[in-house]
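We count ligands from 1, going down the list as the structure has it; atoms in each ligand are counted the same way. Nothing fancy with the numbering, it's 1 onward along the sequence.
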Amino acid sequence: MNFEFILVENQYAPQIALVRLNRPKELNALNLQLMLELKKALQDLDEDEEVRCIIITGNQQAFAAGADIKQMENKTAIDLLKIDQFETWDQIRKTKKPIIAAVSGFALGGGCELAMTCDMIVASETAKFGQPEIKIGIMPGAGGTQRLTRAVGKALAMEMVLTGKFISAEEALKAGLINKVVPEELYLNEAVKLATEVCAMSPIATRLAKESVNKAFETGLQEGLFFERKNFYMSFTSEDQKEGMSAFVEKRKPDFKGK
Ligand code: CAA
């Protein structure tokens, strides 16, 4: 399959696959096609016997600035329900091989959620993590309220989700959201170093261990995600969603009416 919005590379080692999100002009905003391509690439890499660890990255400016607001702007809750984009996210979560997110720049909304769906996160000093959906009149829909809260605890998660504020890589490290912070020029190398350590272990044990850690992390998560999804769709019934997204696209301040 030829991909338009991602690149799959293996320049570091045959056992390490690098998947690069590649919509630089849009700060790697995650449109539906990009997510389908990512799902397909991860399925292929999961089946490739040579590959033992996968790195997902963006570029220095952005890991991903969230789901594509322009694509969502005029959607209704029913449109979203029918598109069922979260089935793609569920498949990504089911990848059996370990995935490291190598994050530089913005990891916002769906971008932060994608990084959190990975197994470990290595960040550049310039990385910024956030769930700013509230600023466009909606709420996180791809695990943000559940995974962020489990990772950093209620206080910080609530603050980030309710105010949309970004946190720095250092803050994310302190809060337990990520594994490492390194200077910008080293973040990809650091991810490769971590991947190399992982690749040295038994692939079977690695698969079983990943599954088990996720089990501990995810007990009760399904229920939470189901709940979150309903509320995410519900947010698209509001005028505030239309206002928030139009304001973003028109580059003006939103005027939320609470309707
Ligand atoms: N969707 C669509 N386009 C986006 C985008 C997004 N999430 N984020 C950035 N872009 C586009 C901008 O529209 C802009 O395009 P144009 O040049 O055509 O105008 C281009 O990328 C560059 O962005 P900015 O000019 O805004 O760059 P900046 O440096 O001034 O600001 C930013 C960077 C703070 C990340 C800002 O772009 C921003 O706030 N982006 C939106 C972040 C956001 O709200 N993410 C959540 C999306 S909803 C979601 O993810 C739902 C979910 O849970 C599944």
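- Residue-level contacts of ligand 1 at the 4.0 Å heavy-atom threshold are Lys25, Glu26, Leu27, Ala29, Ala65, Gly66, Ala67, Asp68, Ile69, Lys70, Met72, Phe106, Leu108, Gly109, Gly110, Glu113, Pro132, Glu133, Ile136, Pro140, Gly141, Ala142, Phe248, Lys251.
- Both tests hold for Lys135 against Phe166: distance to the six-membered ring centre under 6.0 Å, angle to the ring axis within 45°.
- In this structure Glu243 satisfies the salt bridge (Lys or Arg N to Asp or Glu O under 4.0 Å) test together with Arg252, sequence neighbours excluded.
- Residues meeting the ring pair (Phe, Tyr, Trp, His ring centres under 6.0 Å) test with Phe232, sequence neighbours left out: Phe86, Phe236.
- Salt-bridge formation is not detected for the pair Lys94/Asp46: no Lys NZ or Arg NE/NH1/NH2 atom is positioned less than 4.0 Å from an Asp or Glu carboxylate oxygen.
- Residues passing the side-chain hydrogen bond (donor to acceptor under 3.5 Å, both in side chains) test with Lys259, sequence neighbours excluded: none.
- Summarising the local packing, CZ of Arg229 is surrounded by more than 12 heavy atoms from other residues, nucleotides or ligands at distances under 6.0 Å.
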